Structures are given as C-alpha cells and as structure tokens.
Amino acid sequence: MTIKTITKNIKASIQNSLEQFDINLSKEALNLSPPKQESFGDLSSNIALILAKQIKRNPLEIAEKVCQDLINSNIDYIDDITVTPPGFINFLIDKKFYQDNLKLIIKNGVEFGKDLSVKKRTANVEFVSANPTGPLTVGHGRNAVIGDTVSNILEWHGYDVTKEYYYNDAGKQMRTLGKSVEARYYELLDKPFEFPEDGYQGDYIIEIAKSIINHYGKELEKEDKKFLSYAEKIIFKQIKNSLNSLRIQFDTFANEKSFYESGAIKKLLLDLEEKKLIYEKENATWYKATAVGASQDKVYIKSSGEPTYRLPDTAYHRDKVDRKFDLIVDIFGADHTDTYPDVLSALNALDINTEHIKILIYQFVTLIKNGEKVKMSTRRADFITLDHLIDELGLDIVRYFFIMRSMNTHLDFDLNLAKDQSDKNPVFYLQYAFARICNVIRHGENQGFEFSEEFDSSLLNEVSEIKLLKLMANFPVMMKTTLKTLEPQTVANYLQDLASSFHKFYGNCKVITEDKKLSHARLGLIHGSKIILSTGLTLLGISTPEKM
RNA sequence: GCGCCCGUAGCUCAGUAGGAUCAGAGCGUAUGCCUCCGGAGCAUAAGGUCACAGGUUCGAAUCCUGUCGGGCGCACCA
C-alpha cells in the first residue's frame with residue numbers, strides 16, 4: 001500500500017459517488033492534493049467546488065453528500081473525512097499507514113518508491129556539448145550538473161540512459177583555435193606570426209603551443225593540421241578531467257564531422273528539398289523556416305560554402321530519433337532559446353515525430369567575485385574555470401549549488417559567499433543529518449542495540465516522528481513530479497525538508513533510551529530516514545559521509 | 001523594435017501546473033537551549049500591499065492584458 005494506491009482508491013470512491021449527479025467529468029478534474037494547512041488533513045479534493053458551477057448547486061451541499069458516501073465506502077487507511085467551507089473534502093490518512101510504510105521503506109531499501117511495473121525504457125540525454133576550444137567555464141558547469149542529475153533521475157525511474165556529448169569539430173571555432181595555436185607556436189619560436197583577430201587569447205593556448213614544440217619539434221609548416229588536432233586532443237582531455245572531478249562520465253560522444261562523412265547531411269538537404277523547404281539566394285542555401293511558422297528564413301549553407309551549425313544539428317537530432325530512444329533530452333543554455341525550434345520544425349516537416357524530445361533551457365550563471373560580476377568569455381580568456389570552482393569549493397558544493405535553483409532563473413553564484421559560508425552551507429546541513437544518523441546507529445551498537453527489522457512501528461507517535469514519517473512516505477510522489485518536470489531542484493528542496501524534519505525529531509526525541517522497544521522503533525525510523533537521504537543525495541551526485 | 005526567461009523578507013531563493021483568515025526556507029539580525037545519542041543542530045522574535053495597474057471566478061504569488069525594471073537571444077558565430 002502506497003500513497004498512490006490510497007489516492008487511487010479515494011478517486012474511485014469519489015467517482016462512484018458522483019454518478020448520482022449525472023455528470024461526466026474529465027480525469028484531470030479529479031485532483032487530490034495535500035492541503036497547505038496540516039489541520040485540514042493529508043489530502044483534499046476540490047471536486048465539489050468544480051462541480052458546483054456545472055450543476056448549479058451549493059458546493060458545500062455537494063461536498064457533504066459525497067463525504068457521506070465516502071465514509072460509507074470505508075476506504076482503507078482513511079481515518080476521517082471532513083468537509084470545510086467553501087466546499088473542500090478533506091481526508092485524514094490513518095497514522096498506521098505511515099507507520100506501516102516505514103517497514104516498506106526498510107524492506108525495499110534503495111528500491112523504495114520505484115514503479116517496477118513499467119517496462120524498460122531508453123533515454124538519451126545530451127549535455128555539456130561544449131566545443132573543445134578551451135577549458136570548461138562556470139556556465140558549462142551548470143549545464144553539466146543539470147544534465148548528469150537529470151540522467152540520474154531518469155535512471156532511478158528505470159530508464160536506460162545514454163549520456164551524450166555532441167561537439168562541432170568542423171566549424172569556424174575550431175579553425176580559429178588551430179590558427180591561435182599556430183600563432184603562439186611561431187611566437188614562441190621568435191618567428192613571424194599573425195594572431196587571428198578573433199583568436200583565443202588564454203594562456204592555455206600558449207601551453208599547448210609549448211607542448212607542440214616538445215612533441216613535434218620546431219619545424220612545423222604553416223597550416224599544419226597538427227596544430228588543431230593536437231590542441232583538440234589536449235583540450236578534450238582537460239574537459240573530460242574537469243567532468244570527472246564532478247563525477248560525470250559520458251557514454252557516447254557524437255561529432256559534427258561524422259554526419260558529413262556518413263552522408264546524413266546530404267540526405268537531410270535532399271529530403272528537405274523534396275518538401276520544397278530549401279532554396280538558393282545570394283549564393284547561400286536557405287531553409288524556408290517561414291513556411292513552418294518562424295519569423296524569418298535561416299541560412300543552412302553560407303555563401304562561402306560552409307554550413308552553419310543549424311544544418312549538422314538537425315541531422316544530429318534526426319540521428320538521435322533514428323536511434324529509437326523513448327525519450328530525448330537536450331540541455332541548452334539560454335542563448336540557444338531561439339535555435340532549437342528550427343531543428344524541430346525541420347524534423348517535423350519530414351514527418352519525424354519530435355514529441356519525445358524535451359528541451360531543457362537553463363538561464364545563465366552570473367559569477368560574483370568580491371562583490372562584482374565576472375563577465376565571462378571563452379575567446380577573451382576572461383573567465384573562471386570550472387576546475388577553479390571545484391578546487392575552491394569541492395565537488396559536493398559545486399554540484400549542489402548548480403541544481404538548488406530552478407533552472408529557469410538566473411543563478412547568482414557568489415564565490416566569496418559560497419566559500420566563506422561553507423560552514424553553514426545547505427549541503428552540509430544535508431550531510432550532517434546523514435552523519436548524525438550514522439552516529440546514533442553507532443552509539444546504539446555500543447549500547448548493545450542491534451538494528452532489527454522486527455520493531456514495533458506503532459510506537460512512533462510523537463508529532464515530530466509522524467511528520468518525518470509523512471515526508472518519507474511522500475518521497476515517491478516527489479520523484480514522480482520530478483520525472484514529469486525534469487527539474488532536479490525539487491529533489492534538493494525535498495531533501496532540505498527531510499533533513500530539517502530529522503533534525504527536529506532528533507532534538508525532540510532521544511533514540512537510544514532505557515525503553516528498549518521504543519529505542520528499536522526509533523532505530524527503525526532513523527534507518528528509514530537514512531535510506532531516503534542516501535537515495536536522494538546519490539541522485540544529486542553528492543557524497544554521504546558517515547562522519548564529518 | 002520583436003521573441004524567450006525573470007521580478008516574492010535586508011540578501012539568495014522555495015512555493016508541488018488556481019486553493020482554505022499564518023505566503024515559506026536559508027543567510028544576516030535579536031534572544032534562549034550542551035553534567036543529556038555530535039550545537040555543522042534545535043526553539044523563539046523581528047522582517048512582506050508576492051514590481052505596479054487592470055481583468056478572468058466561489059478563490060490569483062500562480063492564468064490573461066498593459067506598464068516599469070533586469071537577463072538572454074534576434075548574424076552567411078556556434
């Protein structure tokens with residue numbers, strides 16, 4: 001028995017009762033939600049208010065009637081049903097349910113809350129996808145952590161997730177990188193050089209040039225391909241290292257070049273041409289985006305003969321659809337807001353279904369250092385790297401700070417603050433709850449209290465105990481909404497609540513006491529809390545220290 | 001100018017896809033609590049016309065319109 005089944009039972013009973021009113025209602029209309037005020041119970045229905053208008057009767061009257069039917073139908077684990085103005089029907093769940101549920105949590109462990117009845121599904125999550133032109137920045141960090149956490153959430157729900165990194169290795173950015181390295185190479189050798197106007201100015205370019213001298217000597221010709229290929233290799237290695245230090249690993253890497261080589265891009269153009277969505281103008285090849293609702297047409301191939309990013313991106317997404325994932329997720333920065341509709345519209349024009357593609361857009365990170373905004377640009381090498389951030393703060397804090405806020409609000413990341421306040425950091429609040437539990441368990445063992453599943457959970461009746469039990473029972477509900485919205489921050493908020501409830505319980509109730517039965521019951525309670533805290537923290541990629 | 005996101009306590013933000021005479025946390029401020037399983041904690045207090053103005057309805061921080069303010073896009077850059 002879970003909250004879900006209780007909800008289902010209530011809904012069914014309401015539906016039965018409603019038959020007397022001779023009305024057809026949509027499934028969504030029947031909605032049960034926890035009331036804000038605890039005194040109203042655990043679940044409440046607003047169905048009477050909704051119906052009042054339709055059948056032109058007093059909502060209170062309807063509610064009373066339905067309520068009476070519900071009481072008569074004796075729903076499992078429902079202790080009390082009441083009606084309050086203006087017409088809510090409130091359900092009080094028997095505390096026995098929460099007490100029993102604790103046993104379930106302990107029995108199922110990390111599996112608690114999973115819907116094991118759904119069949120295996122697959123998902124592709126594309127994230128980071130930074131071109132290897134320089135070290136990852138703070139902005140990429142938000143992308144990386146969101147992507148990885150979303151992947152974890154999907155995996156928890158039974159998805160087989162492919163984490164994918166896509167990069168453009170054929171475009172202008174990469175050519176500029178090659179030229180920048182080349183210029184530094186000749187500069188180091190005191191030979192004439194020309195630094196590209198929009199070249200990458202960071203010191204790391206110089207380091208790469210030095211390394212090239214060590215590896216390939218001083219005699220490289222102009223425009224040697226090694227400048228770029230070597231730089232790409234080095235930078236990619238650095239990127240992977242940065243990601244590893246956030247405990248992020250990718251399953252596959254996709255690159256632009258492969259879509260030229262496989263002919264996918266040519267095919268895409270031909271297919272779109274057949275749909276009359278391609279035309280030539282001023283020597284360039286255009287995609288007729290206006291034909292599918294966009295405000296202007298977009299260039300696919302520049303007059304220089306070089307495709308814009310849009311073309312390979314579209315071929316790439318077509319490829320992802322072809323790979324038959326049940327769900328495709330893209331994590332993009334706000335600067336991509338206007339680009340993905342073109343990709344999707346082109347696919348739709350080719351009768352390719354894109355309903356299972358979810359685009360998650362996150363707003364930018366503003367880094368604040370010494371009270372000032374740090375403006376970041378890879379090209380000008382004016383940035384704080386992700387590595388720097390991890391070194392300063394540690395990966396747990398970095399990960400947590402990146403997902404603790406809703407992704408559609410801007411994130412002010414105050415470096416000084418995050419560092420100075422590390423003592424009172426929300427991350428430590430969570431980890432401390434976990435460590436505290438471990439400590440009590442250790443203490444119990446020292447006193448001869450071995451944890452056993454055979455405890456009497458009905459002894460858990462204190463307000464703070466019931467509150468903790470309720471939150472724990474709500475974990476699966478929270479996970480379900482998270483799956484729907486794919487907003488990792490709901491998990492973080494939930495864990496804050498859970499930790500807070502635990503700390504309050506800890507302040508109120510002593511676990512290890514003279515009363516052996518009660519001590520065992522409370523050991524059960526903290527074991528359950530430990531399981532859920534651990535599951536949640538693991539989803540967020542944050543460590544669970546037994547001691548701090 | 002057009003499009004997308006945002007505006008909630010001094011600061012940083014939650015607010016579960018309209019709910020209920022308390023709009024919630026953390027930080028900061030003020031005051032309590034360790035002879036007692038870890039005080040990185042707990043309790044209490046102060047702090048708000050949910051940017052502003054209209055509208056939709058039984059009911060709005062949440063939906064619609066407009067205004068003001070901030071961010072990001074609007075390239076034959078990615």
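Treat the numbers as computed from the prediction; the structure is a model and nothing was measured. A note on names: the letters A, B, ... follow the listed sequences, proteins ahead of strands, and every chain is numbered from 1.
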### Query
Do we count A:Tyr429 as stacking onto B:A40 if the rule is ring centres under 5.5 Å and planes under 30°?
no
### Message
Quick check on B:C37: is either OP1 or OP2 less than 4.0 Å from any side-chain nitrogen or oxygen of A:Ser519?
### Response
no
### Query
Nearest nucleotide by nearest heavy atom, which residue falls closer to the 5' end of RNA chain B, A:Val440 or A:Ala499?
A:Val440
### Task
Would you mind reading off the distance between A:Leu60 atom CG and B:G19 atom P, rounded to a whole angstrom?
19 Å
### Query
So which nucleotide from B:A14, B:G39, B:A78 ends up closest to the side chain of A:Asn493?
B:A14
#### Entry: Side chain A:Thr481 and base B:A17 donor-acceptor under 3.5 Å
no
### Task
Could you check whether A:Gln496 gets within reach of a base, just the sugar-phosphate, or nothing at all, counting any heavy atom under 4.0 Å?
nothing
### Query
Does any donor-acceptor pair link the side chain of A:Gln296 with the base of B:C74 at a separation under 3.5 Å?
no
### Summary
Of the listed B:C37, B:A43, B:G38, the closest approach to the A:Val511 side chain comes from B:C37
#### Entry: Check: A:Asp497 side chain, B:A14 base, donor-acceptor under 3.5 Å
no
### Query
Nearest to the side chain of A:Tyr506, which nucleotide is it out of B:A78, B:G15, B:G38?
B:G38
### Summary
Taking a pair to mean Watson-Crick or G-U wobble geometry with both distances below 3.5 Å, B:A30 pairs with B:U44
### Query
Nearest to the side chain of A:Glu282 - B:C76, B:A14, B:C5?
B:C76
### Query
Which one of A:Asn425, A:Thr544, A:Asp396 satisfies the side-chain hydrogen bond (donor to acceptor under 3.5 Å, both in side chains) criterion with A:Gln431?
A:Asp396
### Most 5' of A:Asn168 and A:Phe364 on RNA chain B, judged by nearest nucleotide
A:Phe364
### Query
Which nucleotide in the set B:C76, B:A40, B:G71 lies at the smallest distance from any side-chain heavy atom of A:Val299?
B:C76
### Task
Please check the phosphate of B:G38 (OP1 and OP2 only) for any side-chain N or O of A:Lys547 closer than 4.0 Å.
no
#### Entry: Interatomic distance where CD belongs to A:Gln489 and C1' belongs to B:A25 [whole Å]
13 Å
### Query
With both distances under 3.5 angstrom, what nucleotide forms a Watson-Crick or G-U wobble pair with B:U67?
B:A51
### Task
Can you check whether any acceptor in the base of B:G19 is under 3.5 Å from a donor in the side chain of A:Asn46, or vice versa?
yes
### Query
Taking atom types as they are modelled, is there a donor-acceptor pair under 3.5 Å from the base of B:C76 to the side chain of A:Ser303?
yes
### Task
Taking only the side-chain heavy atoms of A:His410 (C-beta and beyond), determine which of B:C72, B:G71, B:C37 contains the nearest atom.
B:G71
### Query
Side-chain N or O of A:Arg310 less than 4.0 angstrom from OP1 or OP2 on B:A75?
no
### Query
Does A:Tyr506 have A:Arg436 sitting over its ring (NZ/CZ under 6.0 Å from centre, angle to axis within 45°)?
yes
### Task
Just call it for A:Lys510: base, sugar-phosphate, or nothing, with non-hydrogen atoms closer than 4.0 Å on any strand.
base
### Query
In terms of the angle between their ring planes, are A:Tyr165 and A:Phe253 parallel, tilted or perpendicular, with boundaries placed at 30° and 60°?
tilted
## Note on the structure
Ranking B:C42, B:C76, B:G39 by distance to the side chain of A:Lys504, first place goes to B:C42
### Touch class at under 4.0 angstrom, heavy-atom based, for A:Lys484 against every strand present
nothing
### Task
Can you figure out which of B:G41, B:G38, B:C72 approaches the side chain of A:His503 most closely?
B:G41
